[in-house]
Amino acid sequence: MRPLRIGTRGSQLALWQARTVAAMLEQQGYDDELVIIKTAGDRLQEAQLSEVGGKRLFVKEIEDALLSGDIDLAVHSAKDLPALLPDGLELAAVLRREDPRDALVLPGGGEPMDLATAAARIGDSPTIGTSSVRRIAQLAALLPRARFAPIRGNVDTRLRKLDAGGFDALVLASAGMKRLGFGARISAPIPPADCVPAPGQGIVAMEIRSDDQVTRSRLQPINDDMAGIALAAERALVAALGGGCQLPLGALALPVSGELDMHAIVSSVDGRRSVRRQAHGLISDPVELGQRLADELVAGGAAALLDEVRNAQGPVEGSY
């Protein structure tokens, strides 16, 4: 039996994710090998994602390799996946969700603090490094005089730029920081009430060909059911809102008392207008919850806000 070929990007976090999946499969008795694929997103390190096609650029070449049979499964950060997958591909499994919150990171590290204390430390008009329109839109309401500047690259590269004085703070995903051993550098986790995370944030997803029953069966023992349920709700909401490129859209579904509690927000790019809704639903039907919450957002005016963003960005395909 030939080894399972696992497709992945070559970034630090992508390799951590792929190696974690590989190790779990090896514990199940399967041989595997990593196939590192350079994507357009990796080649365009200096470009703004919203200008060159969004986060879809981080998955296209990997999905092409999957469709052509060059790899057997692809490992992704779930938040990088487009709302609709190519015909012939599907998500077969996910790992347990890591902390889904965003994090404010100050130069030099230090003791963790709450968000209000961290915000006071960086002053009234800080320069904050982030390339996410979602984060900018939500944090602009919290820090109205902040200047948001794009930053990309591996986590350690971003931290070096921060510590060298290029920024007053960074906003990064807590999950990536913790998985790569930088959890101690998180100055303040950002509560979802202040910045709703990206759909799928903190979840590692495994994508396969729809007709590949062998790989599907091998992945089932490492699948985390609850993370998969939350992801299904969040992706259903994005699909119901029409998907798109980089959008100021946040969604987070969490199990609470036997139900699924879901929060979502759609903002204008400048953060001055937003529609926020919350809903509860059955764990057994996460798609219904995501679609219902999307309908409530639309009823509150979210569709008009998203259309403004799409019209400004042009017809590119990507993620949120």
Side-chain angles (χ1 to χ4, degrees), residues 7-20 34-62 74-81 98-109 118 122 126-137 139 146-190 195 197-198 200-205 245-247 313 316 318-320:
T8 177
R9 294 171 57 211
S11 71
Q12 289 176 334
L13 184 56
L15 288 173
W16 182 95
Q17 293 172 165
R19 287 167 179 160
T20 299
L34 298 189
V35 179
I36 298 174
I37 299 170
K38 193 164 188 176
T39 67
D42 298 312
R43 292 192 294 271
L44 299 169
Q45 280 291 318
E46 301 304 318
Q48 282 272 39
L49 292 180
S50 59
E51 296 174 355
V52 295
K55 291 185 178 179
R56 180 75 175 84
L57 294 176
F58 290 117
V59 300
K60 183 180 185 303
E61 286 88 349
I62 298 175
V75 178
H76 307 284
S77 291
K79 70 176 184 176
D80 286 345
L81 289 167
E98 181 53 272
D99 186 344
R101 296 174 295 178
D102 290 312
L104 193 67
V105 182
L106 274 55
I122 59 178
T127 297
I128 299 176
T130 177
S131 298
S132 164
V133 295
R134 171 191 60 84
R135 290 169 177 155
I136 293 169
L139 294 176
R147 173 181 173 267
F148 295 95
I151 183 170
R152 290 177 58 193
N154 286 322
V155 171
D156 60 350
T157 300
R158 300 189 199 193
L159 291 175
R160 284 196 297 271
K161 291 179 180 179
L162 171 69
D163 293 340
F167 304 87
D168 296 304
L170 301 179
V171 183
L172 299 169
S174 293
M177 295 282 285
K178 292 181 177 182
R179 284 171 170 153
L180 292 176
F182 295 112
R185 286 297 312 266
I186 295 175
S187 302
I190 303 177
C195 191
Q201 187 157 305
I203 296 177
V204 175
C245 51
Q246 272 207 303
L247 297 178
Q313 292 176 339
V316 291
S319 188
Y320 18 80

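The nearest pair of heavy atoms linking A118 to A188 is CB-CB, 3.8 Å. Nearest heavy atoms, R152 versus R158: C-NE, 3.7 Å. The heavy-atom pair separating R185 from L106 by the smallest distance is NH2-O, 3.1 Å. Heavy-atom minimum distance, C195 versus R135: SG-CA, 4.2 Å. Contact record, A205 with A78: CB-CB, 4.1 Å, taken as the closest heavy-atom pair. Closest approach of A103 to I186, counting heavy atoms only: CB-CG2, 3.7 Å.
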Checklist line | Verdict with reasoning, D102 to L139, per side-chain contact (heavy atoms from CB on, under 4.5 Å) | finding: CA-CA 11 Å; D102 290 312; L139 294 176; over 6 Å; no

Checklist line | Evaluation steps, side-chain contact (heavy atoms from CB on, under 4.5 Å), between I36 and T8 | finding: CA-CA 5 Å; I36 298 174; T8 177; 4.3 Å; yes

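Although no hydrogens or angles enter the test, the distance criterion places a donor-acceptor pair under 3.5 Å between the side chain of S131 and the main chain of I151. The closest donor-acceptor contact from the side chain of R179 to the backbone of G202 lies under 3.5 Å.
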Which pairs would a plain distance check flag for residues 164-172, meaning a side-chain donor or acceptor within less than 3.5 Å of a matching protein atom at least two apart in sequence or in another chain?
from	atom 1	to	atom 2	distance (Å)
D168	OD2	T127	N	2.7

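Qualifying side chain to side chain contact (heavy atoms under 4.5 Å, CB included) partners for L180, counting only residues two or more places apart in sequence or in other chains: Q12, L13, W16, V155, F182. Every residue meeting the salt bridge (charged side-chain N to carboxylate O under 4.0 Å, His left out) condition with R160, not counting sequence neighbours, appears here in chain and number order: D156. Partners of A74 according to the side chain to side chain contact (heavy atoms under 4.5 Å, CB included) rule, which considers only residues two or more places apart in sequence or in another chain, are I62, L66, I71, H76, E207. Remark: S77 pairs with Q17 by the side chain to side chain donor-acceptor pair (under 3.5 Å) rule, at least two apart or across chains. Residues forming a side chain to side chain donor-acceptor pair (under 3.5 Å) with D99 (at least two apart in sequence, or on another chain): R101, K178.
Residue pairs that meet the salt bridge (Lys or Arg N to Asp or Glu O under 4.0 Å) test with at least one member in residues 10-20, sequence neighbours left out, do not exist here.
Distance CZ/R9 to CG/L15: 9.5 Å, rounded to 0.5 Å.
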